[in-house]
Amino acid sequence: MDITIHTSVLPHDDPDASVAFYRDTLGFEVRKDVGSGAMRWITVGPPDQPGTSILLAPPAVDPGITEEERRTVLEMMAKGTYGWILLATKDLDATFERLQAGDAEVVQEPTEQPYGTRDCAFRDPAGNLIRIQELR
């Protein structure tokens with residue numbers, strides 16, 4: 001069986017701020033941008049990994065979701081506890097410096113974790129946690 005990770009989904013509440021963060025701060029390319037206003041589905045990914053993407057999607061727009069569920073999703077996004085993703089880099093310190101210089105919200109500076117990895121963490125404009133691990 002040949003299965004790969006193609007796309008992971010994170011919510012956004014400001015499509016322009018999300019594009020600026022993922023394109024300008026992280027250096028990802030915008031692959032698709034569909035819709036208008038707050039109802040935009042934006043696909044981004046590393047330029048050298050065309051087969052792997054992140055879909056930035058408006059939250060809680062599924063017609064099957066209840067109003068209570070919609071409120072819960074929006075509350076969790078506001079607290080930064082709804083979406084997160086793990087990325088990796090060979091040079092964590094340089095990546096951290098670039099993101100910090102790009103005004104990304106720092107959650108954790110590069111740290112050696114007790115479980116054997118060194119990583120740092122940021123929040124994107126929607127509050128999603130972006131953890132970046134150092135490849136060794």
Side-chain angles (χ1 to χ4, degrees):
M1 186 178 306
D2 182 19
I3 298 176
T4 62
I5 296 173
H6 181 263
T7 305
S8 183
V9 180
L10 290 175
H12 75 72
D13 55 4
D14 182 336
D16 293 328
S18 290
V19 166
F21 176 81
Y22 285 92
R23 183 193 59 212
D24 303 337
T25 304
L26 276 182
F28 286 5
E29 63 185 9
V30 175
R31 298 187 177 143
K32 291 184 182 175
D33 190 339
V34 179
S36 63
M39 297 299 284
R40 284 169 58 193
W41 286 259
I42 305 154
T43 306
V44 298
D48 62 343
Q49 297 177 47
T52 304
S53 299
I54 298 171
L55 172 61
L56 305 170
V61 295
D62 186 316
I65 196 168
T66 68
E67 282 306 313
E68 182 179 350
E69 291 167 332
R70 190 178 326 278
R71 279 192 303 276
T72 299
V73 167
L74 296 175
E75 288 169 4
M76 290 178 72
M77 283 180 64
K79 292 190 321 186
T81 58
Y82 185 69
W84 58 285
I85 193 166
L86 296 173
L87 303 176
T89 183
K90 290 180 181 177
D91 190 344
L92 186 64
D93 294 319
T95 300
F96 178 83
E97 294 301 323
R98 177 180 171 183
L99 289 167
Q100 190 175 38
D103 292 328
E105 179 188 343
V106 176
V107 174
Q108 175 200 306
E109 294 188 4
T111 303
E112 190 69 40
Q113 299 294 352
Y115 43 85
T117 192
R118 185 167 179 260
D119 68 1
C120 64
F122 293 87
R123 291 213 188 281
D124 76 2
N128 298 307
L129 183 66
I130 312 296
R131 293 200 75 82
I132 304 173
Q133 298 179 336
E134 186 171 57
L135 294 173
R136 298 182 181 179

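The structure displayed is predicted, hence computed values, not measured ones. Nothing fancy with the numbering, it's 1 onward along the sequence.
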*Asks:* Mind listing the closest non-hydrogen atom pair of Q113 and R131 along with its distance?
*Replies:*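 Minimum heavy-atom contact is NE2-NH2, 3.4 Å.
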*Asks:* Determine whether W41 and V61 satisfy the following criterion, side-chain contact (heavy atoms from CB on, under 4.5 Å), listing intermediate values before the conclusion.
*Replies:* CA-CA 11 Å; W41 286 259; V61 295; 3.9 Å; yes
*Asks:* Closer than 4.0 angstrom, basic N to acidic O: yes or no for E112 and R136?
*Replies:*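 The answer is yes: the pair qualifies as a salt bridge.
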*Asks:* Are side-chain heavy atoms of V19 and I42 found at a separation under 4.5 Å?
*Replies:*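 They are in contact (side-chain heavy atoms under 4.5 Å apart), so the answer is yes.
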*Asks:* Please determine, by modelled atom types, if T72 and E75 share a side-chain donor-acceptor pair under 3.5 angstrom.
*Replies:*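 Short answer, no.
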*Asks:* With side chains defined as the heavy atoms from C-beta onward, is the minimum distance between F96 and E109 less than 4.5 Å?
*Replies:*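 Side chain of F96 against side chain of E109, heavy atoms only: contact under 4.5 Å found.
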*Asks:* Which heavy atom in A104 sits nearest to a heavy atom in T25, and how many Å separate them?
*Replies:*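 So the two residues come closest at CB-CG2, 4.4 Å.
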*Asks:* Any side-chain heavy atom of V34 sitting closer than 4.5 Å to one from R40?
*Replies:*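 Side chain of V34 against side chain of R40, heavy atoms only: no contact under 4.5 Å found.
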*Asks:* Starting at CZ of R123, measure out to CD of E105 and round the result to the nearest 0.5 Å.
*Replies:*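 So the gap between those two atoms works out to 6.0 Å.
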*Asks:* Give a yes-or-no answer on whether the side chains of Y82 and N128 include a donor-acceptor pair shorter than 3.5 Å.
*Replies:*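 Note: Y82 and N128 side chains miss the donor-acceptor criterion.
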*Asks:* If you measure only the distance, is there a donor-acceptor pair under 3.5 Å linking the side chains of R31 and S53?
*Replies:*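 A donor-acceptor contact under 3.5 Å links the two side chains.
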*Asks:* Considering all heavy atoms of both residues, which atom of A38 and which atom of P58 are nearest to each other, and what is their separation?
*Replies:*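 Smallest heavy-atom distance, with atoms named: O-CB, 3.6 Å.
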*Asks:* Determine, for D91 against R98, whether the closest basic-nitrogen to carboxylate-oxygen distance falls under 4.0 angstrom.
*Replies:*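 Salt bridge between D91 and R98, a charged N being under 4.0 Å from a carboxylate O: no.
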*Asks:* Calculate, to the nearest 0.5 Å, the distance between atoms SG and CG belonging to C120 and D93 respectively.
*Replies:*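 Here the rounded value is 8.5 Å.
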*Asks:* Tell me which one of D119, L92, L86 satisfies side-chain contact (heavy atoms from CB on, under 4.5 Å) with I132.
*Replies:*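 Passing option: L92.
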*Asks:* How long is the span from the CG atom in L99 to the CG atom in D124, to the nearest 0.5 Å?
*Replies:*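 One finds 11.5 Å between CG of L99 and CG of D124.
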*Asks:* For the NZ atom of K79 and the CG atom of L74, what is their distance to the nearest 0.5 Å?
*Replies:*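 If we round to the nearest 0.5 Å, K79:NZ and L74:CG are 13.0 Å apart.
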*Asks:* Flag the pair L10 / I130 as yes when at least one side-chain heavy-atom distance between them is below 4.5 Å, and no otherwise.
*Replies:*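 Yes; the side chains approach each other to less than 4.5 Å.
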*Asks:* Does the side chain of V44 come within less than 4.5 Å of E29's, by heavy atoms?
*Replies:*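 Not in contact.
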*Asks:* First locate atom CG of L135, then atom NZ of K90, and finally report the distance between them rounded to the nearest 0.5 Å.
*Replies:*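 It comes to 7.5 Å.
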*Asks:* Within a strict 4.5 Å, meaning less than it, do heavy atoms of the T117 and Y115 side chains meet?
*Replies:*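 T117 reaches Y115 side chain to side chain.
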*Asks:* Given 3.5 Å as the limit, does a donor-acceptor pair link the side chain of E69 with the main chain of T66, or not?
*Replies:*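 Judged by distance alone, yes, a pair lies under 3.5 Å.
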*Asks:* Any non-hydrogen side-chain atom of S8 less than 4.5 Å from a side-chain atom of I85?
*Replies:*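 In short, these two side chains touch, coming nearer than 4.5 Å.
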*Asks:* Do NZ/NE/NH1/NH2 and the carboxylate oxygens of E67 and R70 come within less than 4.0 Å?
*Replies:*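 Salt bridge present between E67 and R70.
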*Asks:* What are the two closest heavy atoms between I5 and T52, and how far apart are they?
*Replies:*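 The pair with the smallest heavy-atom distance is O-OG1, 3.8 Å.
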*Asks:* Between L87 and L26, which heavy-atom pair has the shortest distance, and what is it?
*Replies:*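 Answer, listing the atom of L87 first, then L26: CD1-CD1, 4.1 Å.
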*Asks:* If hydrophobic clusters are built from ILVMFWY residues whose side chains come within less than 4.5 Å, do V9 and L56 share one?
*Replies:*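 No, no single cluster joins them.
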*Asks:* What pair of heavy atoms forms the shortest contact from D13 to P125, and how long is it?
*Replies:*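 Residues D13 and P125, closest heavy atoms: OD1-O, 4.0 Å.
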*Asks:* Between D14 and F21, is there a side-chain heavy-atom distance shorter than 4.5 Å?
*Replies:*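 When only atoms from C-beta onward are counted, D14 and F21 do not touch, as no gap falls below 4.5 Å.
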*Asks:* When you group the ILVMFWY residues by side-chain heavy-atom contacts below 4.5 Å and let the links chain together, are M77 and W84 in the same group?
*Replies:*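 Not linked; separate clusters.
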